[in-house]
Amino acid sequence: MWGRRGRWAGPGGAEELRARRREREAALRRARRQEQLVSKRLLREDSAAAEGGRDGAETVPDPLSEDEVLELLRGMQRGSEDRKRSLSRLRRALQNKDTQQKFVRLDGSIRTLVGLFTSSLADVQMEAARCLHELSHSSDPAVAEACLPATSYLLTYLSGHSVEFTELCLYTLGNLVVESEAVRKQLLPQGIIPVLASCIQSPHEAVLEGLGYVLSQLLQAKEAPAEIVPLVLDSVLPQHMLRLVCSGLKAGTGAAVEFAWCLHYIVCSHTADAALLSLGALPALATLLLDLASETPPDAPEGLELLICPVLRCLSNLLAGDTGCQGQIRDERLLVALFLILQSFLQQHPFIVQEGLWLLNNLTADEPFFCSALLALDLLPALLQLLPCSPMAAALVLTVLCNIAEKGPALCQQLHQALPLLLPALALPDPQAVGQGLELLHLLFLHCPEVAADFIRQGGQRALEQHQSSPELQERARALLDLAGQPAGASTTGPCHGTVSAFP
Amino acid sequence: MPTAPHRLPERVRRMRSPPAPRAVAMLPLPPGLRRRLREGPPPPPAPPRAPPAPPAPPAPPFAFTPRRLRLGLHHPLLEDGDVHRHLYLQGVLTSLAEVAEGPKVSEFSCHISGCCQVFDTLEGYEHHYNTLHRNVCSFCKRSFPSARLLDVHILEWHDSLFQIMAEKQNMYKCLVEGCVEKFKSSKDRKDHLVTAHLYPADFRFDRPRKAKSGPWHVSSPAKDGASVPMDVSQETSEQFQVDPMETGPSENMEIPRPPASPGPTTPEKWFYKSSSSMNRLNVAGPSADPWGTPLATSLQPDSVPLIPTL
């Protein structure tokens, strides 16, 4: 299990850790913007770090010389004592990228390593597997791809029963999968999907988490929607993934996280909606959200956001499909759950706010039920409180309010009370958010003429005049000023005035 | 087992990320909200009334219509969440993760009669057991990585009916899970594995049965359950065909005894420890037919006593 192994931060402690994290974050953002976001996972036993305390800090070993690597290889090719010892030394040495490169360039090195990997001696096999794993994790494609001769065996061993060994094979495969399309073009005909489909019935959490990792890597591939998702949908994988995600609170949260991301990638492929909906994904995920909200204490334990985030995304994207499934989850507790979650993660993980608001938009856009429920549950103040979180959050909050206002006068009346809080929204720096604010005012003025008068009374005219010179806002600001300029009670000539729906 | 309602991976429970300055501290949620979650499912929704007439499009310059948003993989709104996910994958979210050690056990030995390997961790024992004892052919004692490969082996090596039927129909199954193809010969199957499934030509678990070490020769009087070594005689006569994948030069083959005549072997025990510094186990080259993995026929240096079985 991933949690069994420690990963030490290295010397320098917390400050260095933070600096490293910031660097990594910047690199990840850059990669994502180029649509090349790829990461690998490393399983490494730190028997030294297990001592605890700074002295256990794991440092990357220095590179070996060519001769030293060659000697290790010869040791592996001889028998007994030598072999095991050389393998252990090699494993440690392979933490260094330079040594990795030297090793794979040696004649016969991989062949020998794979031979030991298929040995009947359990501990030799395990040590060889660890060496392969180090190689698979390399950022140098030449090193990672050198592991290709091992893939048929990695797959064969997945049907074994040794949890630790299977887990290692899975993470190694997952690292290789993400290396290149060429690797995947080998793994798919070798039968990786059917093997994973068998493996997903394992009862071991560690195995399931590793399996989820492999799948998540496969499903992120560029060719996944065309080549991989159909194979996955054809297998028993989707129903098991859904099951494991939804039971993730009680056991196997690590695995649930992985499979939730898998589901997200599948949903994004646009070809899987019908299949997932027929498995009951929408109500299942909605129920999971309720469970997550009720189990999460106000100061949320770290890590749950990794599960909540993809669940929110799946729900939002499934709702946005053309399948007319929105009626399946008409449950006001969903709103309660959503706001409790937003509250829990507001401070530490603000990205949850904008993703949660996205879901809220998809719930309220076409469903008067959720619009009235939001107001009836008295969630409006909390919603407005989210305005300053970020520009995207502000735009989404105002969009949700528009969704509500658009449903007619009865709901507009209830928004009327929020008017004082809307005025500051017009002064936000982000033009997209302000634009939504203007749309909202338009809807309010349309359905409830008295709002216009109130708006002017509260100094709204100034707020609108500020935008007269902004190209994307000026027309609408002008139009609102005109609307508001009419005396209260005069009939507006907006076409929407005639479509008054009856609301309970 | 965890006592908390949910169990997070060890590493994430210890995360400490620097608190980001935010304008919002708490949401003004109405009291008693959490309680509503536990109140059970809501009453079934009212029967759907006729949907209201779709509203007329907004008058320009206003353009708002409610729209459900479908966001693709690379949408900017999802960037922060993705970055967080990848920081997790890269292990950067961990801070001072402790290693949750497994329960410590004192040394114990494998309980399979005939095997005396000793362990000091449960994982080590589990792996040993699964590699050597779990999927073992009761005829020839070879062990296999999975029940499936074992079944195929027994069928093809030890089932006389198979041989008869194979003359008339395609009996050699493809080894790849999910592929239902069958072939009339072992060679045809191998060709299929290589061309259709991109398997290596020397895939270790697909070596053809050689005639001379067919099922009729492998008749060691095995004690039940004991994975005794292969016919030492057969092995020794072929040991020096070095399989480059498995062994190097033959100097690792320590053979203190001359080859015995073909026939039943004497089951013997060898004592060795599994911990890294003390493993003296040799691998007898699978240069014979490593269709399965023959058990180690390690012949120890003289200093270790050979303990005959009872």
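Note that the structure is predicted; figures quoted are calculated from it, not measured. All chains are named by letter (A, B, ...) in the order of the sequence lines, taking the proteins before the strands, and each is independently numbered beginning at 1.
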**Asked** Is the closest side-chain donor-acceptor distance between His127(B) and Gln125(A) under 3.5 Å?
**Response**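 On atom types as modelled, these side chains qualify, holding a pair under 3.5 Å.
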**Asked** Is it true that the side chains of Gln90(B) and Ser39(A) contain a donor and an acceptor less than 3.5 Å apart?
**Response** yes
**Request:** Decide, yes or no, whether a salt bridge links Arg32(A) with Asp80(B) under the criterion of side-chain N to carboxylate O below 4.0 Å.
**Result:**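 The answer is no: the pair does not qualify as a salt bridge.
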Side chain, backbone, both or neither: which part of [X] has an atom under 4.5 Å from a heavy atom of chain B?
| X | value |
| --- | --- |
| Phe339(A) | both |
| Glu127(A) | neither |
| Ser159(A) | both |
| His264(A) | side chain |
| Arg74(A) | neither |
| Val38(A) | backbone |
| Arg313(A) | side chain |

**Message:** Below 4.5 Å, heavy-atom pairs only: which of Arg148(B), Glu177(B), Glu126(B), His74(B) has the largest tally toward chain A?
**Reply:** His74(B)
**Fill in**
Comparing Asn135(B), Leu198(B), Leu69(B), Thr65(B) against chain A, the one with the most heavy-atom pairs below 4.5 Å turns out to be Leu69(B)
**Prompt:** For Asn361(A), which residues count as a side-chain hydrogen bond (donor to acceptor under 3.5 Å, both in side chains) partner, sequence neighbours excluded?
**Reply:** Asn403(A)
**Message:** Taking side-chain hydrogen bond (donor to acceptor under 3.5 Å, both in side chains) as the definition, give me every residue that meets it alongside Arg85(B), ordered by chain and number, with sequence neighbours left out.
**Reply:** Ser216(A), Glu258(A)
**Message:** For Glu123(B), is there any backbone N or O sitting under 3.5 Å from a side-chain donor or acceptor partner on Glu164(A)?
**Reply:** no
Against chain B, work out which of [options] has the most heavy-atom pairs shorter than 4.5 Å and name it.
| options | answer |
| --- | --- |
| Val195(A), Asp378(A), Asn317(A), Leu396(A) | Asn317(A) |
| Ala337(A), Pro381(A), Ala382(A) | Ala382(A) |
| Leu290(A), Leu377(A), Ile193(A), Leu363(A) | Leu377(A) |
| Arg476(A), Met392(A), Glu25(A), Glu475(A) | Arg476(A) |
| Ala197(A), Gly321(A), Ser316(A), Gly191(A) | Gly321(A) |
| Ala479(A), Cys402(A), Pro149(A), Ser235(A) | Cys402(A) |

Please round to the nearest 0.5 Å and tell me the distance separating atom [atom1] of [X] and atom [atom2] of [Y].
| X | Y | atom1 | atom2 | value |
| --- | --- | --- | --- | --- |
| His86(B) | Arg41(A) | NE2 | CZ | 11.0 Å |
| Leu73(B) | Gln220(A) | CG | CD | 7.5 Å |
| His128(B) | Phe165(A) | NE2 | CZ | 15.0 Å |
| Cys389(A) | Leu27(B) | SG | CG | 7.5 Å |
| Phe205(B) | Ser152(A) | CZ | OG | 9.0 Å |
| Lys40(A) | Leu89(B) | NZ | CG | 12.5 Å |

Nearest atoms (heavy-atom pairs only) where [X] meets [Y]:
| X | Y | value |
| --- | --- | --- |
| Ser119(A) | Thr131(B) | O-CG2, 4.3 Å |
| Gly72(B) | Cys268(A) | C-SG, 4.4 Å |
| Arg36(B) | Arg333(A) | O-CD, 3.6 Å |
| Tyr153(A) | Arg204(B) | OH-N, 2.7 Å |
| Val83(B) | Arg29(A) | CG2-CG, 3.8 Å |
| Gln190(A) | Val176(B) | O-CG1, 3.5 Å |

Hey, does [Y] have a side-chain heavy atom less than 4.5 Å from the side chain of [X]?
| X | Y | answer |
| --- | --- | --- |
| Tyr157(A) | Asn130(B) | no |
| Pro66(B) | Lys407(A) | yes |
| Leu446(A) | Phe62(B) | no |
| Phe64(B) | Gln436(A) | yes |
| Leu340(A) | Leu37(B) | yes |

**Prompt:** Can the ring centroids of Phe351(A) and His84(B) be said to lie less than 6.0 angstrom from one another?
**Reply:**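 For Phe351(A) and His84(B), the ring centres are under 6.0 Å apart.
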**Asked** Given a strict heavy-atom distance threshold of 4.5 Å, which part of Leu193(B) is in contact with chain A: side chain, backbone, both, or neither?
**Response** neither
**Prompt:** Quick one: what part of Ala63(B) sits under 4.5 Å from any heavy atom of chain A, side chain, backbone, both or neither?
**Reply:**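 Its backbone and side chain both get close to chain A.
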**Asked** Going through the distances and angles, do Leu33(B) and Leu379(A) end up as a side-chain contact (heavy atoms from CB on, under 4.5 Å)?
**Response** CA-CA 10 Å; Leu33(B) 205 57; Leu379(A) 295 171; 3.9 Å; yes
**Request:** Report the C-alpha distance between His270(A) and Arg70(B) in whole Å, list the side-chain angles of each, state the deciding distance to 0.1 Å, and finish with yes or no for side-chain contact (heavy atoms from CB on, under 4.5 Å).
**Result:** CA-CA 10 Å; His270(A) 286 258; Arg70(B) 181 141 205 163; 3.4 Å; yes
